[in-house]
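For reference, the structure discussed in these notes is given below.
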Amino acid sequence: MILIHDIENTRYQIYPKTNLFIFLILVGSSLLPRFPFGTLELRISDFISLLVLPLFFVLFGKIVKSKLLKLLFLFYIAIIISTAFGYTFHRVPIVVGDINEIVRMSIPLFILWACNFICIEDIRITIIRFFKVSSPLIAGLSFLQVLIPKTLPLWLLNAYGGKTHVELLITRSSPRIFATGSDPNIGGAILLLFLFFHIISFFLEKRFRNIVWTAIFLFLLGVTSSRTGLAALVFVVFIIIIFYSKIKPGIKILLLCLTFIFLILLWYQSDYVRIGFLLLLKGENRSWLMRIDKFQEAVSLFKRSPLLGWGPAKAIHTRTVDGEYFLLLRRYGLVGLSLFLIFFFKALQKALKIFSDKGIFIKEDRIIAGTFTLYSLAAFILMITNNFFSGYQLVGPYMVLLGFLEKIDLEKQYTSNIDDV
């Protein structure tokens, strides 16, 4: 049972060196490869999230009065109820895979909880250091995949990408890199996160090095040929141009032109992007048609159990849907999907508030809030054809950044209450 603790206690670090574990979650999910663990392949971030953080929860068992944590907890309860409902009323066979899914879906909950017990200065430094340390390492590994994919040790490539993606990387004349992701789409999403960090950093700090990093990660995103990642980037750019009034019209025009030039260059340089888009217009894109079939199957199953879904039901249903919204709808019904969307948009709203309030929050806080905002907007598109929240690798950095934003917002509320008294 989760206990709600007085907000005063959030002003103190409950246990030491927790920021080290948060740093390992960040680099473990975004930078470091998977490691064999019996029949499974896990990341350091998985070990920390599923072993260390639950141990801290058992020892301390208290959290702050966080609305986002409550919403996420309700979503997790919906997952458990949907699973039990499927076993009871749909006679879904019980398999270990379902239990594994329930356990791993607790990762976001434990990360958000743990971030509440780190002093603000420590977690701020941890996040900024993560981006600065990881940027050259992720970029370097990505460039090696571009320049000498056949020379790289096969065990190293297999530790990151799936077998199919590794084979394509070393056999294609114009390979799609997967950076540090398990596939090019996940790798593209990770590169987007770093791209957004350097864009926001330049916007607030005006340092030339951030322009250089922006160009590097933009190029690497193009080499992934991730159509979903590119669509997410274009969506974010248009949202900024249309809705963000603080950017001068001239800068918006320049941003639009640069995006257009980037897409034109990519159109001629990447056969995968160009041919895929042309086939999509003809209705012959095989990748999209396969996703449509899975979406239709998910909707059909949803109609048979619309409120609570079926649970993971891995014994009788396709394990992947290649679309977060349809996957959640099939598994956890309207209740689960609604709770997730409420949580997602509440988190985005909080980040926007912090980023826009330069009178209260310092520059580093606004950089983190801006990065999270753009990453969330991109996730809105990524989740159409990929798994973001339930895909394990991408959710770690998302939850750490959100945990920090929740922490500083609660701290501001506490300070305001003290001032009022």
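In this structure a side-chain-to-backbone donor-acceptor pair under 3.5 Å is missing from S82 to I79. A donor-acceptor contact shorter than 3.5 Å is absent between the side chain of Y160 and the backbone of D183. One N or O on the side chain of S106 and one on the backbone of V103 form a donor-acceptor pair closer than 3.5 Å. When atom types are taken as modelled, the side chain of N387 and the backbone of M383 share no donor-acceptor pair closer than 3.5 angstrom. At distances below 3.5 Å, not a single donor-acceptor pair connects side-chain atoms of W113 with backbone N or O atoms of L69. With hydrogens and angles disregarded, a donor-acceptor distance shorter than 3.5 Å links the side chain of N158 to the backbone of L154. In this structure, E101 contributes its side chain and P312 its backbone to no donor-acceptor pair below 3.5 Å.
More than 12 heavy atoms of other residues, nucleotides or ligands shown are found within 6.0 angstrom of OH on Y244. Within 6.0 Å of CZ on F345 lie more than 12 heavy atoms contributed by other residues, nucleotides or ligands.
Below 30°, between 30° and 60°, or above 60°: for F380 and F235 the angle between ring planes is below 30°, a parallel geometry. Ring orientation note: the planes of F89 and F85 are tilted relative to one another, at an angle of 30° to 60°.
Taking 4.5 Å as the limit, some side-chain heavy atom of I128 sits within range of a side-chain heavy atom of K132. Counting heavy atoms from C-beta outward, M399 and L72 have side chains that approach closer than 4.5 Å. The shortest side-chain heavy-atom distance between K314 and R331 falls under the 4.5 Å cut-off.
Of the inter-residue distances, the one linking I190 atom CD1 with T180 atom OG1 reads 4.0 Å to the nearest 0.5 angstrom. Note that CD1 of I216 is 12.5 Å distant from CD1 of I138, once rounded to the nearest 0.5 Å.
Considering only residues two or more places apart in sequence or on other chains, Y87 meets the ring-ring contact (aromatic ring centres under 6.0 Å, His included) condition with none of them. Remark: D322 pairs with K294 by the salt bridge (charged side-chain N to carboxylate O under 4.0 Å, His left out) rule, at least two apart or across chains. Listed by chain and number, the residues in a side chain to side chain contact (heavy atoms under 4.5 Å, CB included) with L168 are T164, R172 (sequence neighbours excluded). Partners of Y272 according to the side-chain hydrogen bond (donor to acceptor under 3.5 Å, both in side chains) rule, which considers only residues two or more places apart in sequence or in another chain, are R176, R227. The salt bridge (charged side-chain N to carboxylate O under 4.0 Å, His left out) test applied to K252 returns no partner, not counting sequence neighbours. In this structure D271 satisfies the salt bridge (charged side-chain N to carboxylate O under 4.0 Å, His left out) test together with R274, sequence neighbours excluded. In this structure, the side-chain hydrogen bond (donor to acceptor under 3.5 Å, both in side chains) partners of E324, at least two apart in sequence or on a different chain, are S390. Annotation: ring-ring contact (aromatic ring centres under 6.0 Å, His included) contacts of Y398 (sequence neighbours excluded): F372, F388. By the salt bridge (charged side-chain N to carboxylate O under 4.0 Å, His left out) test, D98 is found to be paired with no residue, residues two or more places apart in sequence or in another chain being considered.
Considering every non-hydrogen atom in both L26 and P397, the closest pair reads CD2-CA, 3.7 Å. Closest approach of I48 and P54 over heavy atoms only: O-CD, 4.3 Å. In this structure, L334 and F302 approach most closely via the heavy-atom pair CG-CE1, 3.7 Å. In terms of heavy-atom proximity, I25 sits nearest to S45 at O-CB, 3.5 Å. Of all non-hydrogen atoms in A298 and V321, the two that sit nearest each other are CB-CG1, 4.4 Å. Counting all heavy atoms, side chain and backbone alike, V335 lies closest to A78 at CG1-CB, 4.3 Å.
The ring pair (Phe, Tyr, Trp, His ring centres under 6.0 Å) with F389 is formed by just one residue from the set Y332, F344, F340, Y76; it is F340.
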(request) Apply side-chain contact (heavy atoms from CB on, under 4.5 Å) to the pair L192 and F217, showing each step before the final yes or no. (result) CA-CA 7 Å; L192 273 175; F217 282 107; over 6 Å; no
(message) Under the criterion ring pair (Phe, Tyr, Trp, His ring centres under 6.0 Å), I'd like the reasoning laid out for F75 against F343: C-alpha separation, chi angles, the key distance, then a yes or no.
(response) CA-CA 8 Å; F75 172 64; F343 168 81; 7.8 Å; no
(message) If you apply the rule side-chain contact (heavy atoms from CB on, under 4.5 Å), what do you find for H90 with S305, and how did you get there?
(response) CA-CA 9 Å; H90 294 299; S305 184; 3.1 Å; yes
(message) Run L337 and L328 through side-chain contact (heavy atoms from CB on, under 4.5 Å) and show every step you take.
(response) CA-CA 6 Å; L337 180 61; L328 295 178; 4.1 Å; yes
(message) Between I186 and L394, does the side-chain contact (heavy atoms from CB on, under 4.5 Å) criterion hold? Intermediate values first, please.
(response) CA-CA 7 Å; I186 300 298; L394 300 178; 3.9 Å; yes
Could you tabulate the donor-acceptor pairs under 3.5 Å formed by side-chain atoms of residues 360-368, not counting sequence neighbours?
from: D365; atom 1: OD1; to: R124; atom 2: NE; distance (Å): 2.6
from: D365; atom 1: OD1; to: R124; atom 2: NH2; distance (Å): 3.2
from: D365; atom 1: OD2; to: R124; atom 2: NH2; distance (Å): 3.1
from: R366; atom 1: NE; to: F355; atom 2: O; distance (Å): 2.7
from: R366; atom 1: NH2; to: F355; atom 2: O; distance (Å): 3.1

Please set out all donor-acceptor pairs under 3.5 angstrom arising from side-chain atoms of residues 195-203, sequence neighbours excluded.
from: H198; atom 1: ND1; to: N210; atom 2: ND2; distance (Å): 3.2
from: H198; atom 1: NE2; to: S135; atom 2: OG; distance (Å): 2.9
from: S201; atom 1: OG; to: F197; atom 2: O; distance (Å): 2.7

Which pairs of donor and acceptor atoms, one on a side chain in residues 276-285, lie under 3.5 Å apart (sequence neighbours left out)?
from: N285; atom 1: OD1; to: S287; atom 2: N; distance (Å): 3.1
from: N285; atom 1: OD1; to: W288; atom 2: N; distance (Å): 3.0
from: N285; atom 1: ND2; to: G276; atom 2: O; distance (Å): 2.8

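A salt bridge is absent between R34 and D46: the closest approach of a Lys/Arg side-chain nitrogen to an acidic carboxylate oxygen does not fall below 4.0 angstrom.
For the residue pair S29/Q393, the side-chain donor-acceptor check at 3.5 Å is not satisfied.
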